[in-house]
Amino acid sequence: MKKATEVTTPTPAGDDDLAAWLREQYAYPDDRPWLRANMVASIDGAATLDGRSGGLGSPGDRLLFSVLRQLADAVVVGAHTALTEGYRVPESDGDSPAPALVLASRSLSIPDDYVPAFAPGTLIATCTAAPAAERARLVAGGAALIDCGDDEVDPRRLTAELAARSHRKLICEGGPRLLASLVAAGALDQLAVTLAPALAGGDGPRIAHGDTPPGGLRHARLAQLIGDDDGYLYFLWNTGTGEAGGARAGMP
């Protein structure tokens, strides 16, 4: 074992200062498009509690979730996860424009009454093999579809299509199958993981569940580790070829 990673606590005392500090710690690089994912998991590996991820969170996790959204140009999420978690259209924090919502779906089985799918600025990332009837139904309702592959939603096509629309700073919020596809394609630059100090049990999925990376394990490098007084740990891993900065620090 080499030198152990330390979690220190030199962070601002006030919530406002903490949010600004987090924005600095998690700032995106400016030299190219960047895809970051943000997930939460229990210490026994569950990505959900009672079918939703929100039950594993904390005030610190929710603050970080908000900050990561503020920094992004677009929020990418699987359509099934968006429906399950009750996603709404992201809102502006008053200082920066609201990120676009991007729903990834091959099946296009998105109900007509799911308002965010038809909101101005929302994109539905799909593929040319998606059911024609579902495509026609969504388009007739005013949804904006972009094809990002032939048989499946191709992660690299997805990031390229979004970059062409000036969405270069991306945050993926799951679900597990979408994250697994990003990892398998080598399209993920960073992974932010909140580790909840809880044992969830059950048969909930892991944060990445599905496609396996070619060649097996895909190694990551720890860029940042933050801890808070409630026992939550906030990891930031570099998972791609790019290197983003970040010092180990602590969140009160």
Side-chain angles (χ1 to χ4, degrees), residues 22-41 47 53 64-82 85 87 90 96-106 121-127 146-149 152-194 206-215 217-224 234-246:
L22 287 171
R23 284 193 289 270
E24 292 179 358
Q25 298 301 304
Y26 286 87
Y28 281 83
D30 294 323
D31 58 340
R32 69 178 182 87
W34 196 264
L35 176 57
R36 174 187 290 159
N38 181 32
M39 303 291 282
V40 62
S53 62
L64 180 58
F65 180 92
S66 175
V67 167
L68 293 180
R69 278 193 162 196
Q70 293 168 16
L71 293 171
D73 297 325
V75 174
V76 181
V77 63
H80 176 75
T81 294
E85 301 280 352
Y87 267 57
S96 55
L101 179 63
V102 181
L103 304 173
S105 176
R106 184 195 185 283
T122 296
L123 297 171
I124 300 177
T126 188
C127 57
I146 53 173
D147 286 324
C148 301
E152 302 286 346
V153 177
D154 183 306
R156 292 194 176 277
R157 282 277 302 277
L158 171 61
T159 55
E161 291 289 345
L162 294 179
R165 291 165 172 78
S166 299
H167 300 320
R168 295 169 56 86
K169 300 174 182 178
L170 308 177
I171 184 74
C172 173
E173 295 175 353
R177 291 195 179 277
L178 177 57
L179 178 57
S181 72
L182 300 180
V183 174
L188 187 67
D189 294 296
Q190 282 188 323
L191 175 61
V193 179
T194 296
R206 297 176 299 156
I207 61 171
H209 182 77
D211 297 338
T212 302
L217 291 175
R218 185 175 296 279
H219 293 281
R221 186 184 69 81
L222 184 64
Q224 182 168 271
Y234 306 89
F235 293 87
L236 182 63
W237 299 92
N238 286 337
T239 54
T241 56
E243 293 293 333

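Given the structure is predicted, the values throughout are model-derived calculations rather than measurements.
Using modelled atom types and a 3.5 Å distance limit, the side chains of Gln190 and Trp34 yield a donor-acceptor pair.
If you take CH2 on Trp237 and CG on Leu188, they are separated by 13.5 Å, rounding to the nearest 0.5 Å. Here the CG-SG distance, from Leu182 to Cys172, works out to 5.0 Å after rounding to the nearest 0.5 Å. With rounding to the nearest 0.5 angstrom, the CD1 atom of Ile146 is 10.0 Å from the CD1 atom of Ile124. Taking CZ of Arg23 as the reference point, atom OG of Ser66 lies at 8.5 Å (rounded to 0.5 Å). One distance of note links CG of Asp147 with SG of Cys127; it measures 7.0 Å at 0.5 Å rounding. To the nearest 0.5 Å, atoms CG (Leu179) and CG (Leu191) are separated by 6.0 Å.
Every side chain to side chain contact (heavy atoms under 4.5 Å, CB included) that Thr159 has, sequence neighbours left out, goes to Leu35, Leu170.
Two residues are said to be in side-chain contact when any heavy atoms from C-beta on lie closer than 4.5 Å; Leu71 and Ile171 fail this criterion. Between Leu101 and Val77 the shortest side-chain heavy-atom distance falls below 4.5 Å. No side-chain heavy atom of Val193 sits under 4.5 Å from any side-chain heavy atom of Val40.
Taking every heavy atom of both residues into account, Ser181 and Pro155 meet most closely at O-CG, 3.5 Å. For the residue pair Pro99 and Arg69, the shortest heavy atom distance occurs at CG-O, 3.6 Å. Of all the heavy atoms in Ala192 and Leu68, the pair that sits closest is CB-CD1, 4.3 Å. The two atoms that bring Val102 and Ala125 nearest to each other are CG1-CB, 4.2 Å, heavy atoms only. Residues Glu173 and Tyr87 approach most closely at OE1-OH, 2.6 Å, considering heavy atoms. Scanning both residues, Asp73 and Ser166, for their nearest heavy atoms gives OD2-O, 3.8 Å.
Not a single donor-acceptor pair under 3.5 Å links the side chain of Arg206 to the backbone N or O of Pro176. Using a distance-only test at 3.5 Å, with no hydrogens or angles considered, no donor-acceptor pair links the side chain of Thr239 to the main chain of Ala220. Side chain of Arg36 to main chain of Leu236: no donor-acceptor pair is present (N/O by atom type, distance under 3.5 Å, no hydrogens or angles). Side chain of Arg165 to main chain of Glu161: a donor-acceptor pair is present (N/O by atom type, distance under 3.5 Å, no hydrogens or angles). Under the 3.5 Å distance criterion, the side-chain polar atoms of Thr81 are left unmatched by any main-chain donor or acceptor of Gly174.
With respect to Arg32 and Asp189, a salt bridge is recorded, a charged nitrogen being found less than 4.0 Å from a carboxylate O.
Crowding of Arg106 atom CZ: a count of heavy atoms from other residues, nucleotides or ligands under 6.0 Å exceeding 12.
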inquiry  = One pair to check against side chain to side chain contact (heavy atoms under 4.5 Å, CB included): Val75 and His167. What are the steps and the verdict?
reply    = CA-CA 9 Å; Val75 174; His167 300 320; over 6 Å; no
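Under a cutoff of 6.0 Å and an axis angle of 45°, Arg168 and Tyr28 do not form a cation-pi pair.
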